[in-house]
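Quick notes on the structure that follows.
Naming convention: chains lettered A, B, ... in sequence-line order (proteins, then strands); numbering from 1 in each chain. Quantities reported herein were computed from a predicted structural model and do not represent experimental measurements.
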Number of protein chains: 2
Amino acid sequence: MRPSAKKIASVLRQKGHKLTAQRRAVINVVVNSGEHLAPAALYERVRRAHPAIGLVTVYRTLEMLHELGLICRVHRGEKHGYTLAPSGHHHHLVCTECGIVADFTDCDLEVLQQRLSQQTGFKIEGHLLQFLGYCRDCQGGT
Amino acid sequence: MRPSAKKIASVLRQKGHKLTAQRRAVINVVVNSGEHLAPAALYERVRRAHPAIGLVTVYRTLEMLHELGLICRVHRGEKHGYTLAPSGHHHHLVCTECGIVADFTDCDLEVLQQRLSQQTGFKIEGHLLQFLGYCRDCQGGT
DNA sequence: CTAACTGCAAATAATTTGCAGCCGT
DNA sequence: ACGGCTGCAAATTATTTGCAGTTAG
């Protein structure tokens with residue numbers, strides 16, 4: 001399950017972070033968007049609810065949420081952004097057109113990883129897997 | 001197979017690009033390194049053979065080689081760099097410590113891709129897969 | 001010869017940091 | 001009250017672009 005704004009807020013408190021109006025605003029935007037938003041885009045949306053917020057605060061809030069494992073980064077072409085983190089191991093399917101994100105958890109890379117590890121002698125720590133494409137709504141026009 | 005410097009040079013000619021001393025120097029460094037090098041690191045090495053080269057030229061040469069499909073980008077943590085592109089579909093196993101890269105071609109993601117496509121309605125165009133870990137030589141120390 | 005190429009310096013773009021004042025707990 | 005948080009402006013870092021001189025083909 002993807003966490004709710006309340007859930008996120010409570011984690012912040014538990015970890016000793018203050019729950020300010022700015023942070024609430026950022027959290028709300030992230031939660032109410034299925035898209036993966038770049039800091040700048042997120043900033044624009046947050047300003048609607050909280051016009052005085054600074055871009056710097058958005059950056060700092062995102063970094064904090066990321067460190068707490070509440071949100072994660074996704075790649076979209078050369079750009080990148082943040083989206084809510086469902087609990088546990090997972091990956092993303094990102095629409096390069098609108099940025100919407102779908103999660104999936106079954107990546108079945110264990111076997112491949114095992115073999116690669118043996119063949120190369122690498123001690124594999126993790127993997128980066130993401131699909132790119134066009135979501136249902138973006139398949140028509142350009 | 002990974003392309004040789006000669007192979008790359010001949011492709012440049014075929015495509016109507018000029019083969020300058022600077023380009024040769026960049027190509028040689030990329031070819032003689034199994035690592036994935038960031039533009040700045042590559043620049044340092046290229047200077048040994050060609051001290052007067054500008055960083056800008058390195059960027060432009062890398063971009064050109066990338067467009068021709070002769071080299072490809074890899075991700076290493078938050079950073080990124082370039083490495084030789086073996087022909088055909090492939091992926092990388094990157095050592096986060098020293099940056100050395102191993103290639104592999106069999107990713108078996110077709111089945112997963114098919115299912116995701118059906119489940120989400122996405123028209124999947126491609127995927128991003130890369131393993132991160134420590135190579136044989138970097139597993140000991142930090 | 002001539003268009004492509006090069007290097008410099010300046011321009012962008014994205015993100016980080018120093019700092020003084022503000023505010024959640 | 002106090003330490004964390006905020007916003008501004010300046011600093012960084014990575015990459016791109018304008019331009020005049022250079023050079024491969």
### Side chain proximity check, B:Phe104 to B:His90, heavy atoms < 4.5 angstrom
no

### Query
Going by heavy atoms in the side chains, are A:Leu93 and A:Val101 under 4.5 Å from each other?
no

Choosing from [options], which nucleotide comes nearest the side chain of [X]?
| X | options | value |
| --- | --- | --- |
| A:Arg73 | D:dT15, D:dG25, C:dT15 | C:dT15 |
| A:Arg13 | C:dT25, C:dA3, C:dT6 | C:dT25 |
| A:Arg23 | D:dC5, D:dG25, D:dA14 | D:dC5 |
| B:Arg60 | D:dC8, D:dG18, C:dA3 | D:dG18 |
| A:Val56 | C:dT16, D:dT16, C:dC5 | C:dT16 |

### Message
Side-chain N or O of B:His17 versus OP1/OP2 of C:dC5: is the shortest distance under 4.0 Å?
### Response
yes

Quickly work out the [X] [atom1] to [N] [atom2] distance and round it to whole Å.
| X | N | atom1 | atom2 | result |
| --- | --- | --- | --- | --- |
| A:Leu19 | C:dT25 | CG | C1' | 11 Å |
| A:Leu55 | C:dT17 | CG | C1' | 14 Å |
| B:Leu12 | D:dG25 | CG | P | 10 Å |
| A:Lys18 | C:dG24 | NZ | P | 9 Å |
| A:Met64 | C:dT15 | CE | P | 18 Å |
| B:His66 | D:dT15 | NE2 | C1' | 15 Å |
| A:His50 | D:dT6 | NE2 | P | 9 Å |
| B:Tyr59 | D:dT15 | OH | P | 4 Å |

I'd like a table of donor-acceptor pairs (distance under 3.5 Å, sequence neighbours excluded) in which one partner is a side-chain atom from residues 109-116 of chain A, with atom names and distances.
| unit_1 | atom_1 | unit_2 | atom_2 | d |
| --- | --- | --- | --- | --- |
| A:Arg115 | NH2 | B:Asp106 | OD1 | 3.3 |
| A:Arg115 | NH2 | B:Asp106 | OD2 | 2.4 |

### Distance flag, aromatic centroids of B:His89 and B:His127, threshold under 6.0 Å
yes

### Task
Kindly give the heavy-atom pair with the smallest separation between B:Phe122 and A:Gly133, and that separation in Å.
CD2-C, 4.5 Å

### Task
Remember a base hit wins even if backbone is also touched, and classify B:Ala40 as base, sugar-phosphate or nothing at under 4.0 Å, heavy atoms.
nothing

### Task
Tell me which of B:Glu63 and B:Thr20 sits closer to the 5' end of DNA chain D, going by the nucleotide each one is nearest to.
B:Glu63

